[in-house]
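Heads up: the structure comes next, in structure tokens.
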Amino acid sequence: MAQKRMFSKKITDTDKFLDMPLSTQALYFHLNMDGDDDGFVGNPKTIKKKIGANDNDLDLLVFKQFIIPFENGVIVIKDWRIHNTLRNDRYTPTIYQEEKKALDSGLLSNVSGWLPDGCQVVASLEPQHNLTKHSITEQRKDIMSDKSDDVIPYSEIIDYLNQKTGRKFSKKSAGNKKFIKSRWNEGYTIDDFKKVIDVKYDEWVSTDMAKYIVPETLFGNKFDKYLNQLPTTKKQAPVGSRVPEWAKEEYDDNKVVPDW
């Protein structure tokens, strides 16, 4: 097995990759460094523990399709042949021939990026099955199905919201989970959800907007706007300041007041 590995910016400079937590990105690099000449890694959990990553990091790489897992615990780097090319005299075939055969024979042929593009050295590839619109659609449905829910931290997000607000939003509610899942599939992280909760709670808690501190509002289509908004600075009316009669119902000590 070669002792040097390369990485293509076509993969590592994409938003899809850079939106992942740094711990997940680091795990990806280490898995690549430990891959054999066909991109297979037999001890991903050991590598995960060695660098201090966690199960969520490994699951996220699977969910984002940067790695392909097998039932026996072996994984393969999906874009291995985009990253690495080897000369014939330096190539050592993987010991995971059954897993490689599953890829080469077309059982996983809809996983683009693993199979060679013609310039890499690969031993005895069998013909790849042709992709169809139906197979791609079915793969997309499987990725977005409830099977992916295991990697989405619904409980942690809802628990944080309940702790912040003192309310009891359900972690099993299909409605609550739908909004969280939509944002998670767009690449947002657990820290992003917590930041939005903090920002909007601090802004709305003592106002008429408090009723909107709910999952469907916080995690809806304005999520990115909330995540990137600047912190609000609230002013209190100076002691002894005069507020016109018409404005007394509009302003109170917890809201922004004019500097008159």
### Message
For the residue pair K177 and Y154, would you count it as a cation-pi contact if the rule is NZ or CZ under 6.0 angstrom from the ring centre and within 45 degrees of the ring axis?
### Response
yes

### Query
Hey, are the side chains of F40 and I77 touching, using non-hydrogen atoms and a 4.5 Å cut-off?
no

### Query
With a 4.5 Å heavy-atom cut-off, do V205 and T165 have their side chains touching?
no

### Sub-4.5 Å side-chain heavy-atom contact between K64 and T24
no

### Query
So does F29 have more than 12 non-hydrogen atoms from other groups sitting under 6.0 Å from CZ?
yes

### Message
So for atom CD, which belongs to E216, do other residues, nucleotides or ligands contribute more than 12 heavy atoms lying within a distance under 6.0 Å?
### Response
no

#### Entry: Residues K200 and E203 bridged, charged N to O under 4.0 Å
yes

### Query
For the residue pair F223 and F193, does the interplanar ring angle fall in the parallel (under 30°), tilted (30 to 60°) or perpendicular (over 60°) class?
tilted

### Message
Whether D159 and K171 form a salt bridge (side-chain N of Lys/Arg under 4.0 Å from carboxylate O of Asp/Glu) is what I want to check.
### Response
yes

#### Entry: All salt bridge (charged side-chain N to carboxylate O under 4.0 Å, His left out) counterparts of E156, not counting sequence neighbours
K194

#### Entry: N72 atom CG, over 12 foreign heavy atoms within 6.0 Å
yes

### Query
In terms of side-chain geometry, is the basic nitrogen of R5 or D37 positioned less than 4.0 Å from the acidic oxygen of its partner?
yes

### Query
Would you call the rings of F7 and Y28 parallel, tilted or perpendicular, where under 30° means parallel and over 60° means perpendicular?
tilted

### Query
Are there more than 12 heavy atoms of other residues, nucleotides or ligands under 6.0 Å from atom NZ of K16?
yes

### Query
Under the 6.0 Å and 45° cation-pi test, does K178 pair with F219?
no

#### Entry: Non-hydrogen side-chain atoms of W204 and K211 separated by less than 4.5 Å
no

### Message
Please check: side-chain N/O of N176 versus main-chain N/O of S170, any donor-acceptor pairing under 3.5 Å?
### Response
yes

### Task
Using a strict 4.0 Å threshold on nitrogen-to-oxygen distance, state whether R81 and D38 make a salt bridge.
yes

### Query
Counting N and O atoms only, with roles assigned by atom type, does the side chain of N228 sit under 3.5 Å from a partner on the main chain of D224, one being a donor and the other an acceptor?
yes

### Message
Between F179 and L218, is there a side-chain heavy-atom distance shorter than 4.5 Å?
### Response
no

### Task
State whether the side chain of N54 and the backbone N or O of D57 hold a donor-acceptor pair below 3.5 Å, judged by distance alone.
yes

### Query
Under 3.5 Å, side chain of D59 to main-chain N/O of V151, donor-acceptor pair present?
no

### Query
Do any N or O atoms from the side chain of N43 and from the backbone of T46 form a donor-acceptor pair under 3.5 angstrom?
no

